[in-house]
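Here the structure is laid out as structure tokens; the discussion comes afterwards.
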There are 2 protein chains.
Amino acid sequence: MEKSPRNTKQRRTLAQVFAGADQPLSVEEAWVRVRRLQPRVALGTMYRNVRGLLEQGELAVVHFPGQAARYELEGKAHHHHFECRSCNQAFDLSGCTDKVRFKVPRSFKVHGHEIIVYGLCAKCAAKR
Amino acid sequence: MEKSPRNTKQRRTLAQVFAGADQPLSVEEAWVRVRRLQPRVALGTMYRNVRGLLEQGELAVVHFPGQAARYELEGKAHHHHFECRSCNQAFDLSGCTDKVRFKVPRSFKVHGHEIIVYGLCAKCAAKR
DNA sequence: TGCTAATTGCTAATCATTCTCGTTTAGCAG
DNA sequence: CTGCTAAACGAGAATGATTAGCAATTAGCA
Ligand SMILES: [Zn+2]
Ligand SMILES: [Zn+2]
Ligand SMILES: [Zn+2]
Ligand SMILES: [Zn+2]
């Protein structure tokens with residue numbers, strides 16, 4: 001009664017690209033890399049497969065305000081991100097304040113949270 | 001040499017709507033409320049004026065992963081937001097864990113942070 | 001080798017947001 | 001108060017990211 005996700009060439013290539021990425025990739029960024037290994041892949045297929053891998057828990061989504069969604073391999077420990085406002089790069093921040101309980105009314109049900117720290121990365125901070 | 005922003009009726013109404021809002025509003029949500037006070041306002045004008053108020057520092061933007069941007073009056077005390085995953089509404093959470101220090105490398109320059117707590121609001125939590 | 005449903009490529013359709021352009025109007029000089 | 005002009009407006013086209021529809025292709029299995 002389960003689904004039977006097919007092991008297609010394009011899905012394999014996509015997973016391979018994410019496995020070899022050193023930073024979260026947008027769907028189009030991933031598309032560019034996939035096409036280097038296998039031309040003639042449709043962008044729509046990228047979106048479909050990213051969603052598939054996401055649902056299978058193989059990818060995690062990383063959102064940066066005002067930008068297209070990016071994805072990275074799932075499986076890292078709970079962590080958050082730092083966004084450089086100059087070069088726009090994203091960095092992983094290990095750990096979490098754990099105290100993310102806030103004054104959420106008791107009638108609310110908390111599922112999780114997301115934290116983004118903004119600023120300048122080492123390189124960009126040095127330039128000024 | 002400065003700009004001369006005109007005090008139009010639609011800009012006034014928009015500011016009034018945000019002043020009376022108890023939660024961050026998307027441009028379309030604001031549009032609905034504006035039209036209750038003044039019909040025949042174009043959506044494009046909403047976007048124009050939101051951007052204007054934003055640039056004048058009268059509004060602040062709040063981003064929710066995968067959703068349209070929301071805006072609220074600038075100048076409130078430091079706070080964060082709760083997003084209901086059922087009805088999609090945004091709620092203000094007062095205060096902050098303050099312990100948001102993380103292990104950001106000392107060479108990085110921190111400007112600020114954003115925290116979003118996900119879950120179900122009181123109403124939606126009750127329905128199940 | 002053959003069958004069939006999952007997947008693909010392509011295109012059309014959404015959604016949020018911006019842009020264009022002809023018309024209206026706030027703000028100001030006369 | 002009257003006119004002028006550039007800012008702002010309304011309507012709708014354009015853009016960029018993402019999703020949906022559909023006929024053709026193909027992975028997985030008998
Ligand atoms: Zn940087
Ligand atoms: Zn955390
Ligand atoms: Zn709710
Ligand atoms: Zn805070």
Side-chain angles (χ1 to χ4, degrees), chain A residues 1-18 24-56 58-72 88 90, chain B residues 1-18 24-56 58-72 83 85 87-90:
Chain A
M1 287 81 238
E2 294 286 302
K3 290 171 288 189
S4 44
R6 283 191 199 167
N7 184 12
T8 63
K9 182 181 288 190
Q10 25 278 80
R11 179 178 285 239
R12 251 178 285 126
T13 308
L14 180 62
Q16 182 183 337
V17 160
F18 276 111
L25 303 174
S26 70
V27 175
E28 261 195 77
E29 287 168 344
W31 191 35
V32 171
R33 303 191 184 197
V34 164
R35 268 144 71 212
R36 288 207 279 260
L37 304 170
Q38 179 192 348
R40 295 199 102 325
V41 179
L43 180 56
T45 300
M46 290 298 101
Y47 277 100
R48 254 183 311 235
N49 283 336
V50 162
R51 198 177 349 154
L53 293 173
L54 205 56
E55 281 162 8
Q56 291 178 227
E58 299 195 30
L59 285 184
V61 61
V62 186
H63 282 283
F64 291 94
Q67 299 185 35
R70 286 159 190 278
Y71 305 84
E72 63 184 3
N88 248 48
Chain B
M1 285 85 232
E2 294 286 302
K3 290 171 287 188
S4 46
R6 282 194 198 165
N7 183 12
T8 62
K9 183 181 287 188
Q10 26 277 81
R11 178 178 286 239
R12 252 178 284 127
T13 308
L14 180 62
Q16 181 184 337
V17 160
F18 276 110
L25 303 175
S26 70
V27 174
E28 261 194 75
E29 287 168 343
W31 190 35
V32 171
R33 302 191 186 197
V34 163
R35 268 144 69 213
R36 288 206 279 260
L37 303 170
Q38 177 193 349
R40 294 196 93 350
V41 179
L43 180 55
T45 300
M46 290 297 102
Y47 277 100
R48 249 183 316 236
N49 283 336
V50 163
R51 196 176 350 152
L53 293 173
L54 205 56
E55 282 162 8
Q56 290 179 229
E58 298 195 29
L59 285 185
V61 60
V62 186
H63 283 283
F64 291 92
Q67 295 188 37
R70 285 159 191 275
Y71 305 84
E72 62 184 4
E83 185 200 342
R85 279 180 158 158
C87 68
N88 252 47
Q89 273 197 279

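Residue numbers begin at 1 in each chain, while the letters A, B, ... track the order of the sequences. Predicted model only: the values in this text are computed from it and were never measured.
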Checklist entry - Residues in salt bridge (Lys or Arg N to Asp or Glu O under 4.0 Å) with Arg70(B), at least two apart? => result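 Glu29(B).
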Item to check | Nearest-neighbour nucleotide for the Arg48(A) side chain, dC10(C), dT17(C), dT18(D) considered | outcome: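 Selected nucleotide (nearest to the side chain): dC10(C).
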Can you tell me how far [atom2] of [N] sits from [atom1] of [X], to the nearest Å?
| X | N | atom1 | atom2 | value |
| --- | --- | --- | --- | --- |
| Leu14(A) | dT8(C) | CG | C1' | 14 Å |
| Leu54(B) | dT17(C) | CG | C1' | 14 Å |
| Gln67(B) | dC15(C) | CD | C1' | 13 Å |
| Arg51(B) | dA7(D) | CZ | P | 15 Å |
| Gln10(B) | dT25(C) | CD | P | 9 Å |
| Tyr47(A) | dG21(D) | OH | P | 18 Å |
| Asn49(B) | dT17(C) | CG | C1' | 15 Å |
| Met46(A) | dT11(C) | CE | C1' | 17 Å |

Between [Y] and [X], is there a side-chain heavy-atom distance shorter than 4.5 Å?
| X | Y | value |
| --- | --- | --- |
| Arg35(B) | Trp31(B) | yes |
| Val41(B) | Thr13(B) | no |
| Val62(B) | Glu72(B) | yes |
| Arg6(A) | Arg11(A) | no |

Next on the checklist: Using a strict heavy-atom distance below 4.0 Å, which residues from residues 27-43 of chain A are in contact with DNA chain C?
Outcome noted: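 Hits under 4.0 Å, by residue number: Arg40(A), Val41(A), Ala42(A).
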Checklist entry - Just by protein heavy atoms under 4.0 Å, how would nucleotides 24-30 of chain D read 5' to 3' in B, S and -? => result --BBS--
Item to check | Distance, nearest 0.5 Å, that separates NZ of Lys9(A) from CG of Leu37(A) | outcome: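 The distance works out to 11.0 Å.
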